[in-house]
Q: 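Just dropping this structure here.
Reckoned from all heavy atoms, side chains included, excluding hydrogens, waters and symmetry mates.
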Amino acid sequence: MASIFRELSLGHSKRESTPPRPPPPPPLEPPSPSRLCPTDLPSPLGDLSCNLSESELRATAYEILVGVCRTSAGKPLSYASNSPNHNHSPPLQRSLTSAAASRMKKALGLKSPGSSGPSKSRHALTVGELMRTQMRVSETVDFRIRRALLRISAAQVGRRVESVVLPLELLQQLKLSDFTDQQEYGKWQKRTLKVLEVGLLLHPHVPLDKSNPNSVRLRQIIRGALDRPIETGKNNESMQVLRSAVMALANRSDGSLSEICHWADGIPFNLRLYEMLLEACFDVSDESSVIEEIDELMENIKKTWNILGINQMLHNLCFTWVLFHRFVTTDQVETDLLDAADGQLAEVAKDAKATKDPQYAKILSSTLSSILGWVEKRLLAYHDTFSSGNIENMQSIVSLGVSAAKILVEDISNEYRRKRKGEVDVARSRIDTYIRSSLRTAFAQRMEKADSNRRSSKNQPNPLPVLAILARDVGELAINEKKVFSPIMKRWHPFAAGVAVATLHVCYGNELKQFISGITELTPDAVQVLRAADKLEKDLVQIAVEDSVDSDDGGKAIIREMPPYEAEAAIANLIKSWIKARNDRLKEWVDRNLQQEVWNPQANQEGYALSAVEVLRIIDETLDAYFHLPIPMHPALLPDLVTGLDRCLQYYATKAKSGCGSRNTYIPTMPALTRCTLGSKFQGVWKKKEKATNIQKRNSQVATTNGDSSFGIAQLCVRINTLHQIRAELEALEKRIITHLRNSESAQAEDFSNGLAKKFELTPSACVEGVQQLSEALGYKIVFHDLSHVLWDGLYVGEPASSRIEPFLQELERNLMIVSGTIHERVRTRVITDIMRASFDGFLLVLLAGGPSRAFTLQDSQLVEEDFKYLKDLFWANGDGLPVDLIDKFSTTVRGILPLFRTDTESLIERFRRVTLEAYGSSARSKLTLPPTSGQWSPTEPNTLLRVLCYRNDDAASKFLKKTYNLPKKL
């Protein structure tokens, strides 16, 4: 103590005799991190409602720090001399080394600088020197504060520092002579008075009554001092009034620790001062680095707790904020600061659970809300915040945000404690929100980008539609999410990737739904979009399934969030509409062109209709267009297409034969059963012939075709050729379908084995039936219509010997030449055969239903058989025509009936009686039943035998018919 007072007296004597020259001004201070505070990160520690700057607050905090570090419990304020002769080493004087290991930094997980770091280059400092440097205080100011503290110590020996109002004592001890000029002194005095105002009037520890006379007096003094500096001498009246008011206000107590002067422990003033002290833990030459000597510095900072009213809980909270704030204000590069803040939050969480102090809860809520607000601005759109350059920060930021949210919800929220505890996973809920929010934002950005890309590429060939571009971008976004962000989020949300892709699925689905609702036809753009959507959905679902493989429900909850796009169904519906439209147009084309078709045999070398060439070409083009559609389900919808085309071809085949008649169209109506005329034969016969011919023309059902050139022989041949050609082309079409399938990206092995999907089922049978009908119609038209004048009106009329078959053969041969030259060789045999059948039927019809103008004697049978041989020979053509076995097959009936014409009349009558009795039994014994005409000629059929008798030119036959049936001799 003697040495202290000796230094004190020496100091006084020196200053009173020859004031020393003031030291040089301090160097320019680097900017305070507090002044770098981002606009989106307001201080949660409260607004002081005064114009104290950050540097003024720091200066006040330094004065408190030096004051508390110069004394310890039970000892007076002391001053540590910098003199090398001084033997004492109080706290401020202890030497430090740059390599000091920091237990506190290790505990906080803070990195230590390397060999080239700032701490290595720092000269050995005392704790006092380090504090001054860290708090940006010049040596001049520091010297002034220490000298003032010596004076205070001398004036109040034995008093604890927390029992004095330090600004008040400094006001009294520091004079104008301690400063370089009046301006500096005036500025310092105003700052000190503002400190008193903030601590005692604006933010007192104990709530202040507005009518308190001391507060009124103090306010008046401070207001007056702002205009004119006050005299601070010990005996000055103004100073005495000031001291009286200040001490009265500072000594007001809430009932605890009455020894303490409450001038700097009111919230938020104390917290802002403490914040200034804690910021000193960061290296002034590297603002993102905590100094290695933080243990010693923090030990001294905590000595201010009594003056500032700080406890461990407030320290934990303030230190958390300072660590976090420093990370934000130093370009957010030191992740270990975030980790340290997160570690401190664990202590804060324990404090929050242990206390119910409403004032602490308010500060805690404000601080955590500020942290969480900053965190969530980044995490609610983390795709914009984080990239490959700073992704390592993300996990620390998420962890900090989740920790803050959990404390806010679980420890502060009364509603949560009362109703929701155990029901809500705060961390998972927050992460879920961040994922969904950020991906919605990212999706909107991708959509805007896709739209921009579309506009910029609109002049390029085949530009992609917006939703196709978007699907591709969203797919890339999902893959990047799974690779980069989901592993980080999975720490707090087990199905982070699933939530992400479910969100993207819904976002894209909303756009796709609108797009699909506006599609009316299949376009390349529509197919591209739907295919892109289908691929995107498969990729997103795959990620969701993989992410949820270990979940209790197997990922069903996530999948339920992803209602199917049904893009394949939409494509299928569009394809079906496309197929229907094509088939409808093809059917209309068939109708229109068949109405104009003239069936000209000279239209092409193959002798089939041009309309068939066109319809086959259109079908081929339709198949080609179908397989060129950029769709994934060619095999699946192929049956619909083939069925439609099959129906169109069947319709063509049906229309091609329509109106051309059939075999029955040309067979004349069977004339009434009569018997030949005897006696004046020729005169009566010709009259009957003319009458019969008129009857047959009237009943022939071919009146509608007379005069229509489209139903001529050549035209019918062209129709037959056309149907044959269509049927022949079906095989080639089916082969082309197989080729298309092989080139289809989605075809499977079973698609080739499924023959029904590739075959035309209706058209082949329609063509076969059409060829059959037209061939028969052609044969019977030639014989019964075109050659009726030589067959029905000429053959065996009157005298058989003079009206034989030669004229008919000549006309028939001419028609056969036309047919042979027109009809396709593959169906020629079929058509010639039908003409032969018609000729044989016509020959029989003349013999058995030729009417009363024809009559045959037994001798005529030889020439009839001879004529039939000539008819067969015409079709055999010396071996160049039809095969003998085919001719024999179709001539069987004629060959069976011709022997009846050489059988004598009595034998015929007897045979007729026998077969009639066999056919009709006892009812024919008394009177022979007249057998009906069946048209199925046979030597054993009663009607056939009766007709041979009707045309037998002898008396025995005439008498039998007259007696038995009284048949007329004329029609």
Q: Check for a donor-acceptor pair, side chain of R378 on one end and backbone N or O of W374 on the other, with a separation under 3.5 Å.
A: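 At least one qualifying donor-acceptor pair exists.
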
Q: So does W589 get a backbone contact from the side chain of N593, meaning a donor-acceptor N/O pair under 3.5 Å?
A: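 Judged by distance alone, yes, a pair lies under 3.5 Å.
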
Q: Check the orientation of H740 and H628. Use parallel for under 30°, tilted for 30 to 60°, and perpendicular for over 60°.
A: perpendicular

Q: Please report the shortest heavy-atom distance between D547 and G498, naming the atom on each side.
A: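 For D547 versus G498, the nearest heavy atoms are OD2-N, 2.9 Å.
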
Q: Restricting to non-hydrogen atoms, name the atom on A502 and the atom on E561 that form the minimum distance, rounded to 0.1 Å.
A: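 Distance-wise, the nearest heavy atoms are CB-OE1, 3.9 Å.
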
Q: Identify whether the distance between the nearest side-chain nitrogen and carboxylate oxygen of R592 and E588 falls below 4.0 Å.
A: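 No, this pair does not count.
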
Q: Taking side chain to side chain donor-acceptor pair (under 3.5 Å) as the criterion, tell me which of Q596, E597, Q595 meets it with S611.
A: E597

Q: Using 30° and 60° as the class boundaries, would you call the ring planes of F495 and H493 parallel, tilted or perpendicular?
A: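 If you compare the ring of F495 with that of H493, the planes turn out perpendicular.
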
Q: Would you mind listing every ring-ring contact (aromatic ring centres under 6.0 Å, His included) that reaches into residues 516-553, with sequence neighbours excluded?
A: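 For residues 516-553, and leaving out neighbouring residues, there are no ring-ring contact (aromatic ring centres under 6.0 Å, His included) pairs at all.
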
Q: Minimum heavy-atom separation for T367 and P44, please, with both atom names.
A: CA-CB, 3.3 Å

Q: Can you tell me how far NZ of K657 sits from CD of Q772, rounded to the nearest 0.5 angstrom?
A: 9.0 Å

Q: Are the side chain of N393 and the backbone of Q332 linked by a donor-acceptor contact shorter than 3.5 Å?
A: yes

Q: OG/S365 to CD1/I407 distance, rounded to the nearest 0.5 angstrom?
A: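 Between S365 OG and I407 CD1, I get 11.0 Å after rounding to 0.5 Å.
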
Q: What distance separates I575 CD1 from L641 CG, expressed to the nearest 0.5 Å?
A: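 Here the rounded value is 9.5 Å.
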
Q: Tell me if a side-chain donor or acceptor on N721 pairs with a main-chain N or O of H824 at a distance below 3.5 Å.
A: yes

Q: Could you tell me whether the side chains of E537 and Y508 share a donor-acceptor contact shorter than 3.5 Å?
A: no

Q: Taking the side chain from S437 and the backbone from T433, do they hold a donor-acceptor pair closer than 3.5 Å?
A: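 Absent.
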
Q: Taking NZ, NE, NH1 and NH2 as the nitrogens, is one of them in E476 or R446 under 4.0 Å from a carboxylate oxygen of the other?
A: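 So E476 does not pair with R446 through a salt bridge.
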
Q: What's the separation between atom CD1 in I579 and atom CG in L638, rounded to the nearest 0.5 Å?
A: 8.0 Å

Q: Drop me the distance from D342's CG to I397's CD1, to the nearest 0.5 angstrom.
A: 11.5 Å

Q: Within the supplied structure, the quantity of interest is the number of heavy atoms (other residues, nucleotides, ligands) at a distance under 6.0 Å from K490 NZ; does it exceed 12?
A: yes

Q: Side chains of Q773 and E769: donor-acceptor distance under 3.5 Å anywhere?
A: no

Q: Evaluate whether atom CD of E734 has more than 12 neighbouring non-hydrogen atoms of other residues, nucleotides or ligands under 6.0 angstrom away.
A: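 Yes, enclosed.
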
Q: Closer than 3.5 angstrom, by distance alone: can the side chain of D620 be matched with the main-chain N or O of V615 as a donor-acceptor pair?
A: no

Q: Side-chain contact, heavy-atom cut-off 4.5 Å: W599 with L594?
A: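 They are in side-chain contact.
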
Q: Could you tell me whether the side chain of F515 reaches within less than 4.5 Å of the side chain of V466, counting heavy atoms only?
A: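 Result no, sub-4.5 Å side-chain heavy-atom pair not found.
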
Q: Take atom CD in E621; do more than 12 heavy atoms of anything else shown fall under 6.0 Å from it?
A: yes

Q: Contact between L540 and K538 at the side-chain level, heavy atoms closer than 4.5 Å - yes or no?
A: no

Q: Given side chains that start at C-beta, do those of V499 and R436 come closer than 4.5 Å, heavy atoms only?
A: yes

Q: Between S370 and S366, is there a donor-acceptor pair closer than 3.5 Å when you use the side chain of the first and the backbone of the second?
A: no

Q: With side chains defined as the heavy atoms from C-beta onward, is the minimum distance between I516 and L530 less than 4.5 Å?
A: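 Touching, per the 4.5 Å side-chain cut-off.
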
Q: For the CG atom of D624 and the CZ atom of R617, what is their distance to the nearest 0.5 Å?
A: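 Here the rounded value is 12.0 Å.
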
Q: Is a donor on one side and an acceptor on the other found under 3.5 Å between the side chain of S658 and the backbone of T654?
A: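 A pair under 3.5 Å: no.
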
Q: So, N390 side chain and S387 main chain: donor-acceptor pair closer than 3.5 Å or not?
A: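 Answer holds: yes.
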
Q: Do H634 and Y626 have ring centres separated by under 6.0 Å?
A: yes

Q: Which atoms form the tightest heavy-atom contact between A653 and A766, and what is the distance?
A: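 Scanning both residues completely, I find the closest heavy atoms to be CB-CB, 4.0 Å.
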
Q: Could you give me the CA-CA distance, side-chain angles and deciding distance for R647 and L762, then say whether side chain to side chain contact (heavy atoms under 4.5 Å, CB included) is met?
A: CA-CA 7 Å; R647 289 195 180 116; L762 304 174; 3.8 Å; yes

Q: Can a donor-acceptor pair be found between the side chains of E481 and H383 at a distance below 3.5 Å?
A: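 Indeed, the side chains of E481 and H383 share at least one donor-acceptor pair under 3.5 Å.
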
Q: I want to check something: taking the side chain as every heavy atom from C-beta on, are F485 and I435 in contact at a cut-off of under 4.5 Å?
A: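 In short, these two side chains do not touch, never coming nearer than 4.5 Å.
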
Q: Testing the basics here: between P639 and A636, what is the closest heavy-atom pair and its distance to 0.1 Å?
A: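 In this case the closest contact between P639 and A636 is CD-O, 3.5 Å.
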
Q: Does the pair Q395 and W492 meet the rule for a side chain to side chain contact (heavy atoms under 4.5 Å, CB included), with working shown?
A: CA-CA 10 Å; Q395 180 159 321; W492 297 276; 4.0 Å; yes

Q: Salt bridge check, K759 against D646: does any charged N sit closer than 4.0 Å to a carboxylate O?
A: no

Q: For N600 and Q715, which I'm curious about, is there any donor-acceptor pair between the side chains at under 3.5 Å?
A: no

Q: Does R826, at its CZ atom, have more than 12 non-hydrogen atoms belonging to other residues, nucleotides or ligands within less than 6.0 Å?
A: no

Q: Hey, are the side chains of I558 and M562 touching, using non-hydrogen atoms and a 4.5 Å cut-off?
A: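 In contact.
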
Q: Going through the checks in order, is the side chain to side chain contact (heavy atoms under 4.5 Å, CB included) test met by W578 and E521?
A: CA-CA 7 Å; W578 182 88; E521 61 178 342; over 6 Å; no

Q: Side chain to side chain contact (heavy atoms under 4.5 Å, CB included), that's the test. Do L345 and L368 meet it? Break it down for me.
A: CA-CA 9 Å; L345 268 188; L368 295 181; 3.5 Å; yes

Q: Looking at every heavy atom in both A567 and A533, which two are closest together, and how far apart are they?
A: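 Result for this residue pair: CB-CB, 4.4 Å.
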
Q: Any donor and acceptor pair, going by atom type alone, linking the side chain of R719 with main-chain N or O of A656 inside 3.5 Å?
A: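 Yes: the side chain of R719 pairs with the backbone of A656.
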
Q: Salt bridge or not for R428 and D432, using N-O below 4.0 Å?
A: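 No.
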
Q: Determine whether the side chains of T722 and Y652 contain a donor N or O and an acceptor N or O closer than 3.5 Å.
A: no

Q: Are any of the side-chain heavy atoms of H505 and Y565 separated by less than 4.5 Å?
A: yes

